[in-house]
Colleague: 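Mind having a look at this structure? Questions to follow.
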Amino acid sequence: MTEQTLRRYTNLASALHILHNQCLSLLSPDTWDDRNDSFFMSEYKRIKGLKTVLAICIADREETYHHWQVFSRGSDGVCIEFDRDKLLSAFDVAGVTHQSVDYHLITNANTMHDVDLEILPFTKRWPYGDEREYRAVYVSADKELQAYSVPISLAVIKRITLSPWLAPALVDPVKMTLKSLPGCKGLRIYRSTLIDNKQWQKLAGRVVPPPTTP
């Protein structure tokens, strides 16, 4: 089933930038942890003779521990949840292509011949499949850029979730700071309860005790 939202896992500094400037920044893949992925992007740039290739990675699935741990680890982690259709419309600008990432096993890759160059920015190894990534890529053959901003309306944001590792005492001050930005007063902001959910923990209270031995 297609999710109605897309999620950007990032940190508090990036979230402040997004809210203050009302844009998403596509950045260089050179520093990505997955060197296979960044290699494909650099080869795409080289083969096409481009001066700039920038990208942004979005999660196309529900909240998971994997995403928090890998992309937003620590107390300053933030997940910004976007209305899917509105965000995809924002990506429909000149120079930007966007689509879901495809994941392949190495055994399958060994049998792939005459590979279409255009799949390189949207192809990753199968072990990364849990990310279920949606990616937007900006290219330019004329301009050499370090970042490219895609304007978005704050109405695209459905909610903001703060890190499950954020100390409870800091939740309200962080909320107040985010809501104090122009146009952000009405944002829905919550702290994730992924690692400490009282409703889930009530399940233990409904356990049937073992029968007593006479």
Side-chain angles (χ1 to χ4, degrees), residues 1-27 29 32 37 54-73 76-103 121-124 128-139 147-166 171-172 174-195 197 199:
M1 181 178 68
T2 301
E3 287 286 310
Q4 297 304 307
T5 59
L6 293 166
R7 291 172 168 84
R8 171 65 175 167
Y9 287 86
T10 186
N11 55 39
L12 190 55
S14 178
L16 287 168
H17 172 79
I18 291 169
L19 297 176
H20 185 268
N21 296 290
Q22 298 188 32
C23 69
L24 290 176
S25 295
L26 281 63
L27 303 174
W32 287 355
D37 200 4
L54 307 170
I56 189 170
C57 306
I58 311 283
D60 189 7
R61 64 173 305 172
E62 69 286 348
E63 178 188 37
T64 71
Y65 181 80
H66 168 92
H67 286 92
W68 281 114
Q69 185 70 265
V70 174
F71 301 109
S72 296
R73 174 67 179 173
D76 72 334
V78 175
C79 174
I80 303 178
E81 191 171 340
F82 299 96
D83 179 280
R84 182 188 189 91
D85 292 337
K86 292 178 181 178
L87 182 61
L88 297 188
S89 293
F91 285 145
D92 287 335
V93 293
V96 175
T97 56
H98 56 96
Q99 67 178 67
S100 298
V101 170
D102 290 322
Y103 300 90
F122 304 100
T123 301
K124 295 188 70 171
Y128 291 89
D130 285 344
E131 297 172 357
R132 203 181 302 169
E133 181 185 331
Y134 194 96
R135 180 175 292 178
V137 177
Y138 169 81
V139 303
Y148 179 81
S149 296
V150 174
I152 61 168
S153 164
L154 293 177
V156 175
I157 299 173
K158 294 182 69 75
R159 64 183 283 164
I160 294 176
T161 305
L162 305 177
S163 171
W165 296 285
L166 180 64
V171 173
D172 284 342
V174 172
K175 284 184 178 181
M176 290 174 60
T177 299
L178 295 177
K179 286 176 175 285
S180 70
L181 296 173
C184 296
K185 183 178 180 180
L187 286 177
R188 299 165 60 208
I189 306 175
Y190 308 90
R191 174 180 178 269
S192 174
T193 62
L194 184 65
I195 63 173
N197 188 288
Q199 184 175 354

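Throughout, numbering of the chain's residues begins at 1 and tracks the sequence.
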Colleague: Before giving the answer on side-chain contact (heavy atoms from CB on, under 4.5 Å), spell out for Y128 and V101 the whole-Å C-alpha distance, their side-chain angles and the decisive distance to 0.1 Å.
Modeller: CA-CA 10 Å; Y128 291 89; V101 170; over 6 Å; no

Colleague: Looking at K158, I'd like to know if its NZ atom is crowded, meaning that more than 12 non-hydrogen atoms belonging to other residues, nucleotides or ligands lie closer than 6.0 Å.
Modeller: no

Colleague: Determine whether L12 and L178 satisfy the following criterion, side-chain contact (heavy atoms from CB on, under 4.5 Å), listing intermediate values before the conclusion.
Modeller: CA-CA 9 Å; L12 190 55; L178 295 177; 4.2 Å; yes

Colleague: Who are the side chain to side chain contact (heavy atoms under 4.5 Å, CB included) partners of S14, not counting sequence neighbours?
Modeller: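 Expected list: T10, N11, I18.
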
Colleague: How long is the span from the OG1 atom in T64 to the CD atom in E131, to the nearest 0.5 Å?
Modeller: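 Reported value, rounded in 0.5 Å steps: 9.5 Å.
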
Colleague: Grab the two heavy atoms, one from Q99 and one from F122, that are nearest each other, plus how far apart they are.
Modeller: CG-CD2, 3.3 Å

Colleague: With F91, which residues qualify under ring-ring contact (aromatic ring centres under 6.0 Å, His included), at least two apart?
Modeller: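 In terms of ring-ring contact (aromatic ring centres under 6.0 Å, His included), with neighbours along the sequence ignored, F91 is linked to H98.
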
Colleague: Of all heavy-atom pairs between C184 and L19, which one has the smallest distance, and what is that distance?
Modeller: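 Smallest heavy-atom distance, with atoms named: SG-CB, 4.0 Å.
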
Colleague: CD1/I80 to CZ/R8 distance, rounded to the nearest 0.5 angstrom?
Modeller: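 Going from the CD1 atom of I80 to the CZ atom of R8 covers 8.5 Å.
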
Colleague: Identify, with sequence neighbours excluded, every residue that meets side chain to side chain contact (heavy atoms under 4.5 Å, CB included) alongside T193.
Modeller: N197

Colleague: Rounded to the nearest 0.5 Å, what separation is found between the OG atom of S153 and the CG atom of L87?
Modeller: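 Spacing of OG (S153) from CG (L87) equals 11.5 Å.
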
Colleague: Do H67 and R61 come close enough that some side-chain heavy atom pair is under 4.5 Å?
Modeller: yes

Colleague: Determine, step by step, whether Y138 and Y148 satisfy the ring pair (Phe, Tyr, Trp, His ring centres under 6.0 Å) criterion, reporting the C-alpha distance in whole Å, the side-chain angles of both residues, the deciding distance to 0.1 Å, and the verdict.
Modeller: CA-CA 7 Å; Y138 169 81; Y148 179 81; 3.9 Å; yes

Colleague: Output, in order, the C-alpha distance, side-chain angles, deciding distance and verdict of side-chain contact (heavy atoms from CB on, under 4.5 Å) for V174 and R191.
Modeller: CA-CA 10 Å; V174 172; R191 174 180 178 269; over 6 Å; no

Colleague: Please report the shortest heavy-atom distance between Y103 and R132, naming the atom on each side.
Modeller: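 Closest heavy-atom pair between Y103 and R132: OH-N, 3.6 Å.
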
Colleague: Ignoring hydrogens and angles, tell me if any N or O in the side chain of K124 forms a donor-acceptor pair with the backbone of D37 under 3.5 Å.
Modeller: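 Such a contact is absent between K124 side chain and D37 backbone.
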
Colleague: How about E62: does its CD atom have over 12 heavy atoms from other parts shown lying under 6.0 Å from it?
Modeller: yes

Colleague: For the CD1 atom of I160 and the CD atom of E81, what is their distance to the nearest 0.5 Å?
Modeller: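 Here the rounded value is 10.5 Å.
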
Colleague: Could you check if a side-chain atom of I157 sits within less than 4.5 angstrom of a side-chain atom of F82, using non-hydrogen atoms only?
Modeller: yes

Colleague: Let me confirm one number: the CD1-OG distance from I152 to S89, rounded to the nearest 0.5 Å.
Modeller: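 If we round to the nearest 0.5 Å, I152:CD1 and S89:OG are 12.5 Å apart.
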
Colleague: Please name the pair of heavy atoms, one in I195 and one in P164, separated by the smallest distance, quoted to 0.1 Å.
Modeller: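 Answer, listing the atom of I195 first, then P164: CD1-O, 3.7 Å.
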
Colleague: Do E63 and T161 have side-chain atoms, one donor and one acceptor, less than 3.5 Å apart?
Modeller: no

Colleague: What residues, two or more places apart in sequence or in another chain, satisfy side chain to side chain contact (heavy atoms under 4.5 Å, CB included) together with H17?
Modeller: N21, C23, S25

Colleague: Once side chain to side chain contact (heavy atoms under 4.5 Å, CB included) is applied, do any residues pair with V70, and if so which ones, sequence neighbours excluded?
Modeller: H66

Colleague: Show, in sequence, the C-alpha distance, side-chain angles and deciding distance for F71 and C57, and conclude whether the side-chain contact (heavy atoms from CB on, under 4.5 Å) test is met.
Modeller: CA-CA 10 Å; F71 301 109; C57 306; over 6 Å; no

Colleague: To the nearest 0.5 angstrom, please state how far the CD atom of E133 sits from the CD1 atom of I56.
Modeller: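 Here the rounded value is 10.0 Å.
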
Colleague: Which pair of heavy atoms, one from V150 and one from A90, lies closest together, and at what distance?
Modeller: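 Scanning both residues completely, I find the closest heavy atoms to be CG1-O, 3.3 Å.
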
Colleague: For W165, which residues count as a ring-ring contact (aromatic ring centres under 6.0 Å, His included) partner, sequence neighbours excluded?
Modeller: none

Colleague: Do you know which of R84, R7, R135 makes salt bridge (charged side-chain N to carboxylate O under 4.0 Å, His left out) with D60?
Modeller: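 Passing option: R84.
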
Colleague: What are the two closest heavy atoms between L154 and P182, and how far apart are they?
Modeller: CD1-O, 3.7 Å

